[in-house]
Novice: 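Have a look at the structure that comes next, please.
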Amino acid sequence: MSETKKPFYITTPIYYPSDKLHIGHAYTTVAGDAMARYKRLRGHEVWYLTGTDEHGQKIERKAQEKGKTPQQFVDDIVVTIKELWKKLDISNDDFIRTTEDRHKAVVEQIFDQLLQQGDIYKGNYEGLYCTPCESFFLERQLVNGNCPDCGRPVELVKEESYFFRMSKYADRLLQFYEDNPEFIQPESRKNEMINNFIKPGLEDLAVSRTTFEWGVKVKGDPKHVVYVWIDALSNYITALGYGSGDQSKYDKFWPADVHLVGKEIVRFHTIYWPIMLMALGLPLPKKVFAHGWLLMKDGKISKSKGNVVDPVTLIDRYGLDALRYYLLREVPFGADGAFTPENFVERINFDLANDLGNLLNRTIAMIDKYFGGDVPAYDGNVTSFDETLSKLAVGTAEQVEAAMERMEFSVALSAIWQLVSRTNKYIDETQPWTLAKSEEKRGELASVMHHLAESLRIVSILLQPFLTNAPLKIRAQLGLTEGELTAWDSAKQFGQFPGGTKVAKGDPIFPRLDVPVETAFIAESMSGGTAPAAAEETPAESAQAAQAAAPAEAAAPAAPAAKEEIAIDEFAKVELRVAQVLAAEPIPKADKLLKLQLDLGFEQRQVVSGIAKFYTPEQLVGRKVICVTNLKPVKLRGEMSQGMILAASHGDQLTLATVPEDMPNGAIVK
């Protein structure tokens with residue numbers, strides 16, 4: 001079997017079903033799904049595992065509060081989790097529950113083996129325990145007397161317990177870290193484990209409890225319940241059939257290529273789990289990737305704070321791909337990031353509706369208009385702009401692969417969007433509407449149409465790990481059927497689009513959203529309130545209703561405060577011209593400012609504009625804007641600004657004023 005076709009095993013943490021899952025859980029699972037889909041597209045045989053960790057004192061207490069047995073309680077929650085994974089289109093190959101017999105029987109065996117070989121011994125435990133985290137802590141590890149992970153109070157526990165000789169394996173674990181520098185990612189997590197837990201002295205771990213009943217019982221000593229983390233961590237091998245009559249999956253897929261976890265459970269996966277495996281004589285996983293938290297403006301997601309984001313609400317209103325794109329693009333995987341309604345809506349508008357959706361709409365419309373809907377055949381690079389685009393398109397696949405191998409999802413998507421932006425710019429450079437006026441330019445026009453269709457074909461392929469619906473919709477409008485031309489490796493070859501393929505105009509794949517309405521809707525849903533009446537419709541329904549409403553029935557908006565009137569000759573002093581953005585870049589230490597290079601047709605100018613909050617540089621390159629060209633030059637943050645570009649603003653929303661794409665650079669706006 002070749003290196004690129006090796007089996008690939010990826011896992012999420014198994015989630016604790018004490019309540020409904022939220023967007024933070026979706027974040028981890030969507031990331032794992034993107035990686036699994038990517039590896040399948042590359043030809044690997046993939047096993048993607050997720051599931052639920054269903055034992056422990058917290059579950060037992062929650063069930064009692066609800067008047068249910070623990071099993072009834074977790075069964076009800078697990079139904080909602082599986083429904084969420086289906087709604088998120090998660091392509092997991094298995095779903096492990098720690099209450100399943102296939103798991104419990106093997107956990108009993110593992111505990112008994114470790115006991116028999118002397119790695120576990122019986123003693124008495126007195127220490128500090130956090131019930132929500134199912135974790136023991138030393139006094140020095142507490143933060144202000146509370147759990148260092150969740151900040152809640154800890155309990156003093158005194159009971160007979162079995163202990164795992166963790167200290168026996170400390171040196172061996174450090175050596176493993178040194179020999180396998182990629183084992184813990186990001187690197188900072190490894191330093192934290194060594195400095196905070198191993199170097200101060202790795203204590204033997206209490207691995208059983210007698211103060212509750214809900215869990216796997218110790219074989220031969222049933223008053224003891226196996227410590228929930230020994231139980232939970234074993235899922236990664238019990239799900240593969242380890243310790244059962246059929247270990248074929250275990251033999252094929254273990255060791256895991258990557259365990260995806262949140263940073264709050266790094267210790268369990270990079271200290272306890274490797275030591276367990278060492279004691280069992282089993283190979284260790286190749287990598288543990290601990291991502292950061294998806295935070296709200298006021299900190300961690302919490303019901304008590306009223307900031308819980310339900311992914312189902314977002315999917316139902318904005319579509320699955322919008323949520324998947326936001327989760328994977330907004331935050332560099334591994335770092336903490338913040339969810340805000342404004343950022344969510346702006347990502348949809350700028351990236352999905354404006355950039356990708358508009359590119360598809362323009363391409364299909366022009367092929368339909370200029371070639372009767374038939375994509376012209378490839379004839380090499382004809383225009384002076386063709387080669388630049390085709391080289392970028394082919395090179396993007398390699399950029400995406402490199403980023404995905406490092407689990408840099410936002411970097412991979414950024415590379416794809418560079419291609420999307422460059423293709424939009426290509427339209428403005430080649431000006432098909434001008435080429436269409438001359439029969440002599442028919443060959444150039446045909447080349448432009450093919451390059452656009454081919455670039456979109458490649459984009460649709462590269463998007464497949466991330467978005468599960470949009471790639472199919474793009475290809476449907478392009479007239480492509482699934483097959484060789486939609487396989488991953490075909491994205492590395494340009495000019496494959498079959499000439500004569502009939503395009504089919506469709507609805508916009510990402511409708512543009514009303515920012516104030518949608519941010520209000522999301523904010524209300526987060527707080528558990530009822531969304532405003534105007535926001536109870538979907539964005540598409542809202543647009544239809546607006547079109548159907550009679551002007552006489554519309555409520556008149558309040559008149560804004562009027563500025564001093566001016567005469568027509570005063571207004572005539574302002575010179576407005578069409579300009580095209582050639583380049584854009586941020587200005588250091590100026591969060592609101594972007595430095596733009598504008599093509600005015602007769603000259604190039606630099607303009608500094610306060611739009612960095614609303615547009616990225618990539619989104620601006622190639623756009624037609626309206627520039628005030630006779631303002632006196634000024635210096636802003638040390639950069640010369642030779643004019644001003646026009647935009648419309650309303651509340652927290654800002655949109656650039658623009659003109660039709662066939663309007664030449666330098667044209668006067670009257």
Side-chain angles (χ1 to χ4, degrees), residues 13-19 52-71 73-74 77 98-99 107 111 120-167 192-193 196-197 200-218 221-233 261-269 271-273 275-276 293 299-305:
I14 52 174
Y15 301 104
Y16 207 56
S18 58
D19 207 337
T52 43
D53 169 16
E54 301 181 13
H55 291 133
Q57 188 173 27
K58 184 177 179 180
I59 294 290
E60 188 174 79
R61 289 179 178 177
K62 284 268 190 180
Q64 288 171 353
E65 292 171 7
K66 299 288 185 182
K68 298 179 179 181
T69 67
Q71 190 67 58
F73 177 79
V74 294
I77 298 290
T98 56
T99 52
V107 171
F111 193 95
I120 289 178
Y121 62 93
K122 185 183 280 189
N124 290 291
Y125 180 78
E126 179 176 339
L128 301 165
Y129 186 71
C130 176
T131 298
C133 293
E134 303 283 4
S135 305
F136 296 98
F137 294 99
L138 300 173
E139 182 77 37
R140 61 178 168 78
Q141 294 172 328
L142 302 182
V143 177
N144 298 322
N146 294 323
C147 171
D149 289 339
C150 72
R152 296 181 179 93
V154 294
E155 304 174 49
L156 181 65
V157 174
K158 297 181 182 179
E159 59 183 313
E160 180 183 81
S161 182
Y162 285 92
F163 290 83
F164 194 120
R165 300 183 193 277
M166 289 279 158
S167 54
E192 179 187 345
M193 294 304 103
N196 293 358
F197 296 100
L202 194 56
E203 302 282 339
D204 287 355
L205 178 68
V207 291
S208 73
R209 301 292 306 278
T210 59
T211 54
F212 62 92
E213 293 287 323
W214 183 237
V216 178
K217 302 299 178 63
V218 172
D221 198 354
K223 73 176 182 179
H224 285 265
V225 171
V226 174
Y227 175 47
V228 70
W229 277 103
I230 298 285
D231 175 10
L233 291 164
V261 300
K263 66 179 184 179
E264 74 279 6
I265 54 174
V266 178
R267 179 171 82 258
F268 307 102
H269 285 80
I271 296 178
Y272 299 168
W273 180 225
I275 286 177
M276 276 179 61
W293 288 331
K300 288 183 70 175
I301 299 172
S302 165
K303 269 196 169 184
S304 61
K305 290 182 178 180

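A quick note: this is a predicted structure, and the numbers were derived from the prediction, not measured. Values reported hereafter were calculated over all heavy atoms of this structure, with side chains retained and with hydrogens, waters and symmetry mates removed.
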Novice: Within the distance-only criterion (no hydrogens, no angle test), does the side chain of Glu159 pair as donor or acceptor with the backbone N or O of Thr210 below 3.5 angstrom?
Specialist: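 Yes, because the side chain of Glu159 sits within donor-acceptor range (under 3.5 Å) of the backbone of Thr210.
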
Novice: Over all heavy atoms of both residues, which pair between Ile265 and Pro13 is shortest? Give the atoms and the distance, please.
Specialist: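 Closest approach of Ile265 to Pro13: CD1-CB, 3.8 Å.
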
Novice: Hey, does Cys147 have a side-chain heavy atom less than 4.5 Å from the side chain of Leu142?
Specialist: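 No. Closest side-chain heavy atoms not under 4.5 Å.
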
Novice: Is it the case that more than 12 heavy atoms not belonging to Lys66 sit under 6.0 Å from its NZ atom?
Specialist: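 No - once you tally the heavy atoms of other residues, nucleotides and ligands closer than 6.0 Å, there are 12 at most.
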
Novice: Looking at NZ of Lys58 and CZ of Arg61, how far apart are the two atoms once the value is rounded to the nearest 0.5 Å?
Specialist: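 Here the rounded value is 11.0 Å.
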
Novice: Is it true that Glu160 and Lys223 have a side-chain N and a carboxylate O under 4.0 angstrom from each other?
Specialist: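 A salt bridge is present here (some side-chain N lies under 4.0 Å from a carboxylate O).
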
Novice: Please tell me if the side chains of Pro200 and Arg140 come closer than 4.5 Å, counting only heavy atoms from C-beta onward.
Specialist: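 The answer is yes, as the side chains (C-beta and beyond) meet within the 4.5 Å cut-off.
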
Novice: Can you tell me how far apart CH2 (Trp229) and CE (Met276) are? Round to the nearest 0.5 Å.
Specialist: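 Answer rounded to 0.5 Å: 11.5 Å.
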
Novice: Just by modelled atom types, is the Ser208 backbone N or O under 3.5 Å from a matching donor or acceptor in the Ser161 side chain?
Specialist: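 Side chain of Ser161 to backbone of Ser208: a pair is present.
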
Novice: Quick check: do Val226 and Val207 have side-chain heavy atoms less than 4.5 Å from each other?
Specialist: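 The answer is no, as the side chains (C-beta and beyond) never meet within the 4.5 Å cut-off.
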
Novice: Suppose we screen for side chain to side chain donor-acceptor pair (under 3.5 Å). Which residues come up paired with Lys217, at least two apart in sequence or across chains?
Specialist: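 Per chain and number, Lys217 pairs via side chain to side chain donor-acceptor pair (under 3.5 Å) with Glu213.
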
Novice: Would you say Trp214's side chain and Gln71's backbone share a donor-acceptor pair under 3.5 angstrom?
Specialist: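 Side chain of Trp214 to backbone of Gln71: no pair is present.
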
Novice: If you round to the nearest 0.5 Å, how far is NE2 of His55 from CZ of Phe212?
Specialist: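 Output value for this atom pair is 9.5 Å.
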
Novice: Closest approach of Leu202 and Ser167, non-hydrogen atoms and distance?
Specialist: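 Of all heavy-atom pairs spanning Leu202 and Ser167, the closest is O-CB, 3.4 Å.
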
Novice: Please step through side chain to side chain contact (heavy atoms under 4.5 Å, CB included) for the pair Glu192 and Val266, ending with a clear verdict.
Specialist: CA-CA 9 Å; Glu192 179 187 345; Val266 178; 5.9 Å; no

Novice: So, for Glu126 and Leu156, which heavy atoms are closest and what is the spacing to 0.1 Å?
Specialist: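 Heavy-atom minimum between the residues: CG-CD1, 4.1 Å.
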
Novice: Roughly how far apart are Cys133 SG and Arg267 CZ, rounded to 0.5 Å?
Specialist: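 These two atoms lie 8.5 Å from each other.
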
Novice: Please verify the inter-ring angle class for Phe111 with Tyr162; under 30° counts as parallel, over 60° as perpendicular, anything in between as tilted.
Specialist: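 Perpendicular, since the angle between the ring planes exceeds 60°.
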
Novice: Measuring from atom OH of Tyr121 to atom CG of Asp204, what distance do you get when rounded to the nearest 0.5 angstrom?
Specialist: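 So the gap between those two atoms works out to 3.5 Å.
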
Novice: Where do Gln57 and Arg209 come nearest, in terms of heavy atoms and distance?
Specialist: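 Minimum heavy-atom separation between Gln57 and Arg209: OE1-NH2, 3.9 Å.
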
Novice: Would you name the heavy atoms of Val228 and Asp53 that are closest together and state the gap between them?
Specialist: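 Closest heavy-atom pair between Val228 and Asp53: CG2-OD1, 3.6 Å.
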
Novice: Atom OH in Tyr227, atom CZ in Phe268: separation rounded to 0.5 Å?
Specialist: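 The distance works out to 5.0 Å.
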
Novice: Which atom pair, heavy atoms only, marks the closest approach of Tyr16 to Gly56?
Specialist: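 Closest approach of Tyr16 to Gly56, heavy atoms only: OH-CA, 3.8 Å.
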
